[in-house]
Enquirer: 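Here's a structure for you.
The figures here come from the full heavy-atom set of this structure, side chains too, leaving out hydrogens, waters and symmetry mates. These numbers come from a predicted model, not from an experiment.
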Amino acid sequence: MIYPRIGKICSVSVMALASASLWQPTAQAQTTAASQDAAVNPQDAAAPATEAEIVVTGSRVASSGMAQPTPVTVVSGDNLQAASPKGLAEGVLQLPSFNGSNSRTAGGAAANAGHSYLNLRGLGINRNLVLLDGRRVVATQDTGAVDINLLPQLLVKRVEVVTGGASAAYGSDAVAGVTNFILDDRFTGIKGLVSQGISRYGDSKTTRVSLAAGTSFLDGKLRIVGSFDFTRDTGVEGYNIGGKRRGWQERARFLINNPGVTSANPASPSNPTLIVGDDVRFPFATNGGLITSGPFAGTQFLPGGVTAPMVYGTNRTASSMSGGDGATAAGTGTLSTPLNSKVAFGHVAYGDAQSLEFFAEGMFARTYATNNAGANSYGFNGTAYRIFGDNAFLPANIKATMAPGDSFTMGRWNADLGIYQKQVETKVYRAVFGARGKLGAHWDWDAYFQHGTTKGNFTGGNGIITANLYNAVDAVVNPANNQIVCRSTLTNPGNGCVPINLFGVNSASQAARAYVSGSAFANQTLKQDVAAATLRGSPFSTGAGPVQVAIGYEHRREGLTQVVSPLSTIRQDGGGARGFPASLIGVQGGYFLGNSAPVDANYHVDEAFTEVQVPLAKDQSWAYSLEFNAAGRVTHYSTAGTVWTYKVGLDYAPVSDVRFRGTLSRDIRAPSLGELYLPQAQTIAAVLDRQNNNAAVTATIQLPGNPNLRPEKSDTKTVGIVFTPSFLPGFSASVDYYDIKIKDAIGRLSNQLTVDQCAAGNAAVCNLITRNNGAISLISTPNLNLATLKTRGLDIEANYSFGLGTVFGTSASASIRALGSYVAKLETTTQGSAPVDRADQTPFQTTLSAKIDIGRFSALLQERRVGPRQIDTTYSPSFIGSNRIGAVWYTDINITYRLGGKLEGVEIFGAANNLFDRDPPTGNVTYGVGGSPTLTQFYDVVGLYMTGGIRFKF
């Protein structure tokens with residue numbers, strides 16, 4: 001139940017408001033009933049808003065001064081830039097409602113490297129509809145998500161976050177809500193930004209150059225606006241691959257198995273299954289190789305093939321230990337993705353918006369990012385090397401004791417064979433052509449056609465060709481000429497195999513490295529065509545005011561093609577290699593990682609909608625205002641058939657100071673082309689095997705598509721209150737409760753959840769797991785309709801702007817803002833399994849901010865709080881000693897000075913993010929091949945970041 005917890009949240013929000021006077025705002029106030037702002041879609045406005053005006057959509061109807069029942073948070077582009085000088089996208093991701101979103105500053109899957117995707121309410125990046133001036137944007141990846149780095153930054157006037165279900169008004173896919181980036185397409189003049197940033201460690205050097213300009217001709221009938229943005233960020237690499245050393249990362253603090261748990265001493269709260277270990281390493285692999293079977297087990301190979309006993313650390317189990325000579329995954333991956341980005345945008349309009357206006361716009365964006373995922377993680381556990389007694393490179397002291405047919409297994413961490421690197425190049429082309437105008441005094445219309453294309457090229461650099469590797473490892477002496485060759489060459493001369501020496505670090509020749517290495521690629525093209533038209537107006541009035549109506553139609557076509565490297569499509573048979581791991585037989589693709597599949601698919605969608613807003617009462621004794629809003633939409637997918645969505649809402653203000661609002665909606669999202677048809681690149685991950693004493697194993701992960709997916713349907717309820725006291729001008733506050741239930745939710749079970757639910761008796765899930773000699777070797781996580789996904793919680797917002805009179809002989813003002821997002825429930829139920837509620841894994845996010853302006857000087861201060869959370873809600877006290885991560889606070893500051901005289905319009909700024917260099921909490925991730933000991937989607941891994949630059953506007 002949420003109700004017992006509301007009191008706690010309210011008390012927290014009161015403290016937040018008290019604290020907010022010390023910190024910087026990141027956004028402007030949300031529209032309220034008392035505001036004089038017009039709730040009009042910008043492209044429909046007869047004239048641009050004044051500087052003090054906030055023009056808010058939140059609806060398709062062209063209402064004027066009428067409050068909407070759906071909560072809308074409005075954030076100015078200028079404040080987003082100030083809050084995060086690295087870029088507007090980073091500022092948006094700081095908003096609490098985007099808890100756990102994918103940022104380009106966090107390492108991730110190849111499809112995410114260098115990109116920023118919005119995850120509204122934690123419901124997934126594919127359930128938040130991203131719009132640009134109310135129009136769709138071609139997806140950046142096959143799931144349908146849009147990289148917000150690729151939008152024109154300086155021209156973004158504001159960002160509107162419409163929370164709750166919005167499919168009926170805005171279109172399918174808006175299950176969690178809508179994020180609408182509103183551009184200033186009437187900008188005149190020139191403005192720009194030049195900045196340099198660097199972390200306190202000397203990395204993540206970021207250069208930004210942005211320029212925007214606009215002008216008009218022919219007495220204002222012809223308007224031209226354009227912009228260009230350039231960003232280059234050198235990123236942050238792990239300390240074990242040449243990056244700067246960060247103490248929290250070097251500590252290598254992870255969750256590991258407790259060796260004290262035995263059959264005689266079972267797990268208990270005082271003797272839990274998992275404990276925290278420092279300097280965590282593998283007990284089954286070293287950088288130069290470790291014998292793991294036979295009489296020489298525990299012997300390691302030093303440089304030059306010299307043998308020495310392995311020194312084991314403490315807390316040793318089969319999967320991990322603290323200290324010792326074992327290899328470590330820590331510090332072998334990218335912490336912040338290096339990025340090179342260019343975005344060009346142009347908008348042209350001709351005519352008069354009061355009668356008829358034609359417009360066209362175009363955008364081109366290119367990003368290139370590289371993400372080092374870590375050492376090539378094969379050669380241990382299920383893929384350990386099988387070394388035979390006649391191996392030509394085997395050191396003499398070991399070889400002398402072995403017969404040619406004898407063998408042992410060897411575990412090796414292969415950093416010296418190259419770091420597996422995800423290289424992602426993305427190009428986006430978008431063109432829009434349209435017209436808009438007026439029909440009489442009470443109606444307006446707009447129509448447009450747009451085409452978008454995304455070309456994404458994904459390459460796995462320094463990848464391993466599996467059959468080549470294991471053929472090369474089996475090196476023998478050719479009796480005909482005493483040359484070292486691959487055993488396979490004796491029976492297949494000219495097969496090109498180059499023998500490899502893996503005994504000791506850097507023992508392999510360059511030719512051998514080249515032979516076993518390759519680059520799997522997937523070249524993906526996404527296309528989107530949209531034709532849409534909307535008519536808005538007022539057919540009649542009630543006694544309380546005009547009724548507003550909007551009707552519209554949209555036709556959309558989405559296409560996806562993918563071309564992959566030929567070797568990615570084969571079924572692995574080992575190529576005849578002696579000692580080829582049985583766990584890899586039958587696996588798709590000839591590369592160890594990154595095997596994708598070719599796709600050529602498309603679908604089309606037809607949507608028709610209507611929305612109405614009816615004023616029911618105004619200036620009555622019992623109602624200052626009462627307004628009803630309703631919307632309905634019918635959508636036909638060529639792949640999923642016809643679905644209906646609707647929304648009803650009521651906005652009631654008993655007095656001018658207080659407003660109540662609520663909505664009920666049915667929303668839908670059909671499976672994307674990627675979810676239906678596209679197998680994702682093969683990868684690996686560490687899981688705890690519940691059926692094998694919680695052993696940590698590294699398994700191959702396959703992510704197939706599923707053409708049998710059904711559309712997901714969502715029912716959303718929101719109830720809120722807005723307070724705008726007349727006795728305190730400039731203050732507003734709102735609290736909104738939401739409840740979302742998604743049926744047939746589309747998604748993948750996490751790797752660990754797949755293992756857990758199989759152990760709990762879900763036979764269907766067990767069919768997704770392949771074992772080799774009892775150990776997990778492969779996990780398949782296809783897209784599924786996961787039965788239900790439920791979430792509910794609170795969004796909290798408070799704003800206060802006020803004058804300070806005269807300070808130091810000049811006028812001064814201040815503004816304060818507090819934003820909070822609290823998740824009370826986040827429950828997933830899969831067929832055949834009990835519900836799993838992970839709300840306590842979702843921190844209570846808050847942003848407390850304040851701004852002060854004194855003449856030409858302004859200071860912005862911000863405090864971001866990532867609330868306390870559990871590591872995993874499924875962990876019992878006997879499984880983990882401490883299942884809690886405490887709250888983490890980050891302080892940001894931005895100071896600006898505006899020049900005068902001939903340099904009027906120029907300002908100099910300096911900023912510091914994570915001012916006190918707060919380290920992320922560690923010891924909350926189970927040890928495996930992933931090198932980061934913290935949850936990178938929640939916590940800052942870069943540290944203190946300083947930026948200086950110049951902004952100008954003329």
Enquirer: For Asp78 and Ser76, which I'm curious about, is there any donor-acceptor pair between the side chains at under 3.5 Å?
Expert: no
Enquirer: Return the CD1 to CZ distance between Ile893 and Phe916, rounded to the nearest 0.5 Å.
Expert: 8.5 Å
Enquirer: Is there a side-chain contact between Ser336 and Val942 in this structure, where contact means two heavy atoms from C-beta onward sitting under 4.5 Å apart?
Expert: yes
Enquirer: Atom CD in Gln845, atom CD1 in Ile796: separation rounded to 0.5 Å?
Expert: 12.5 Å
Enquirer: Does a side-chain heavy-atom distance below 4.5 Å link Val941 with Thr934?
Expert: yes
Enquirer: Quiz question: by atom type and distance under 3.5 Å, do the side chains of Ser268 and Ser270 form a donor-acceptor pair?
Expert: yes
Enquirer: Please tell me whether His115 and Thr140 have a donor and an acceptor in their side chains that are separated by less than 3.5 angstrom.
Expert: no
Enquirer: Rounded to the nearest 0.5 Å, how far apart are CG of Leu860 and OG1 of Thr896?
Expert: 6.0 Å
Enquirer: Between Asp325 and Thr286, do the side chains contain a donor N or O and an acceptor N or O under 3.5 Å apart?
Expert: no
Enquirer: Regarding Thr207 and Gln196, do their side chains bring together a donor and an acceptor under 3.5 Å, going by distance alone?
Expert: yes
Enquirer: Check whether any side-chain N or O of Ser199 sits under 3.5 Å from a backbone N or O of Gly943 as a donor-acceptor pair, and report yes or no.
Expert: no
Enquirer: Using side-chain contact (heavy atoms from CB on, under 4.5 Å), reason through Phe230 and Arg208 one step at a time and then give a plain yes or no.
Expert: CA-CA 6 Å; Phe230 168 78; Arg208 286 188 63 201; over 6 Å; no
Enquirer: Does either side chain, that of Ser320 or that of Asn257, offer a donor lying less than 3.5 Å from an acceptor on the other one?
Expert: no
Enquirer: Supply the atom-to-atom distance Ile256 CD1 to Asn694 CG, rounded to the nearest 0.5 angstrom.
Expert: 13.5 Å
Enquirer: Using 4.0 Å as the upper bound for N to carboxylate O, is an ion pair formed by Asp917 and Arg200?
Expert: yes
Enquirer: Using a 4.5 Å cut-off on heavy atoms from C-beta on, say whether the side chain of Pro272 contacts that of Ser878.
Expert: no
Enquirer: Compare all side-chain heavy atoms of Tyr939 with those of Ile885 and state whether any distance is below 4.5 angstrom.
Expert: yes
Enquirer: Is Pro96 close to Thr846 at the side-chain level, that is, under 4.5 Å between some pair of heavy atoms?
Expert: no
Enquirer: Just wondering, are more than 12 heavy atoms of other shown residues or ligands nearer than 6.0 Å to CZ in Arg232?
Expert: no
Enquirer: Check whether any side-chain N or O of Asn883 sits under 3.5 Å from a backbone N or O of Asp872 as a donor-acceptor pair, and report yes or no.
Expert: yes
Enquirer: Report yes if the side chains of Val276 and Arg253 come closer than 4.5 Å at any heavy-atom pair, otherwise no.
Expert: yes
Enquirer: Hey, are Gln841 and Arg838 close enough side-chain-wise for a donor-acceptor pair under 3.5 Å?
Expert: yes
Enquirer: Could you check whether any side-chain N or O of Asn240 sits under 3.5 Å from a backbone N or O of Ala330, counting only pairs where one atom can act as donor and the other as acceptor?
Expert: yes
Enquirer: So, does Asn119 use its side chain to make a donor-acceptor pair with the main chain of Leu123 at under 3.5 Å?
Expert: yes
Enquirer: Write down the atom of Trp413, the atom of Thr328, and the distance for their closest heavy-atom approach.
Expert: NE1-O, 3.6 Å
Enquirer: Which atoms form the tightest heavy-atom contact between Ala887 and Arg918, and what is the distance?
Expert: O-NH2, 3.8 Å
Enquirer: Whether the side chain of Tyr117 engages the backbone of Val146 through a donor-acceptor N/O pair (distance < 3.5 Å, no angle test) should be reported.
Expert: no
Enquirer: With side-chain contact (heavy atoms from CB on, under 4.5 Å) as the test, would you mind laying out the steps for Leu118 and Leu120 before giving the verdict?
Expert: CA-CA 6 Å; Leu118 299 176; Leu120 185 57; 5.9 Å; no
Enquirer: Going through the checks in order, is the side-chain contact (heavy atoms from CB on, under 4.5 Å) test met by Tyr201 and Arg245?
Expert: CA-CA 8 Å; Tyr201 300 93; Arg245 294 184 175 275; over 6 Å; no
Enquirer: Flag the pair Val92 / Leu80 as yes when at least one side-chain heavy-atom distance between them is below 4.5 Å, and no otherwise.
Expert: yes
Enquirer: Which heavy atom of Val311 sits nearest to which heavy atom of Met321, and what is that distance?
Expert: O-CE, 4.4 Å
Enquirer: Determine whether a donor-acceptor pair (N or O, by modelled atom type, separation under 3.5 Å) exists between the side chain of Asp233 and the backbone of Pro338.
Expert: no
Enquirer: Determine the minimum heavy-atom distance between Ala912 and Leu944, stating which atoms define it.
Expert: CB-CD1, 4.1 Å
Enquirer: Taking Thr873 for its side chain and Asp837 for its backbone only, find out whether a donor-acceptor pair lies under 3.5 Å.
Expert: yes
Enquirer: What I want to check is whether the side chains of Gln752 and Ser750 have a donor and an acceptor closer together than 3.5 Å.
Expert: no
Enquirer: Measure across Ile779 and Asn751 and return the closest heavy-atom pair with its distance rounded to 0.1 Å.
Expert: CD1-O, 4.2 Å
Enquirer: Does any donor atom in the side chain of Arg817 or Asn799 lie under 3.5 Å from an acceptor atom in the other side chain?
Expert: yes
Enquirer: Do Thr273 and Tyr875 meet the criterion of a side-chain donor-acceptor pair at a distance under 3.5 Å?
Expert: no
Enquirer: Which is it for Thr874 and Phe879 under the side-chain contact (heavy atoms from CB on, under 4.5 Å) test, yes or no, and what are the steps along the way?
Expert: CA-CA 9 Å; Thr874 65; Phe879 191 77; over 6 Å; no
Enquirer: On the six-membered ring of Tyr312, is Arg316 placed so that its NZ or CZ lies under 6.0 angstrom from the centre and within 45° of the ring axis?
Expert: yes
Enquirer: Compute whether any side-chain donor of one residue and acceptor of the other, for Asn271 and Asn258, lie under 3.5 angstrom apart.
Expert: yes
Enquirer: Please report the closest heavy-atom contact between Phe254 and Ala252, naming both atoms and the distance.
Expert: CD1-O, 3.4 Å
Enquirer: Does any donor atom in the side chain of Asn371 or Thr337 lie under 3.5 Å from an acceptor atom in the other side chain?
Expert: yes
Enquirer: If we ignore angles and hydrogens, is there a donor and acceptor under 3.5 Å between the side chains of Glu237 and Thr334?
Expert: yes
Enquirer: If I take atom CD1 from residue Ile871 and atom CG from residue Leu935, how far apart are they, to the nearest 0.5 angstrom?
Expert: 8.0 Å
Enquirer: Less than 6.0 Å separating the ring centroids of Tyr927 and Phe282?
Expert: yes
Enquirer: Side chains of Ser116 and Asp147: donor-acceptor distance under 3.5 Å anywhere?
Expert: no
Enquirer: Is the side chain of Tyr420 donor-acceptor paired with the backbone N or O of Gly461 at a distance under 3.5 Å, no angle test?
Expert: no
Enquirer: Could you tell me whether the side chain of Phe98 reaches within less than 4.5 Å of the side chain of Thr179, counting heavy atoms only?
Expert: yes
Enquirer: Answer yes or no: is there an ion pair linking Asp203 with Lys205, defined by an N-O contact shorter than 4.0 Å?
Expert: no
Enquirer: Would a distance-only check, ignoring hydrogens and angles, find a side-chain to backbone donor-acceptor pair under 3.5 Å from Tyr945 to Leu915?
Expert: no
Enquirer: Would you verify whether the NZ or CZ of Arg121 falls within 45 degrees of the ring axis of Tyr738 while also being under 6.0 Å from that six-membered ring's centre?
Expert: yes
Enquirer: Look up atom CG in Asp892 and atom CD in Glu863, then write down how far apart they are to the nearest 0.5 Å.
Expert: 8.0 Å
Enquirer: Got a donor-acceptor contact below 3.5 angstrom from the Asn924 side chain to the Pro921 backbone?
Expert: yes
Enquirer: State, without any angle test, whether Gln423 and Gln421 hold a side-chain donor-acceptor pair at a distance under 3.5 Å.
Expert: yes
Enquirer: For the residue pair Gln153 / Asp229, report whether a side-chain donor-acceptor contact shorter than 3.5 Å exists.
Expert: no
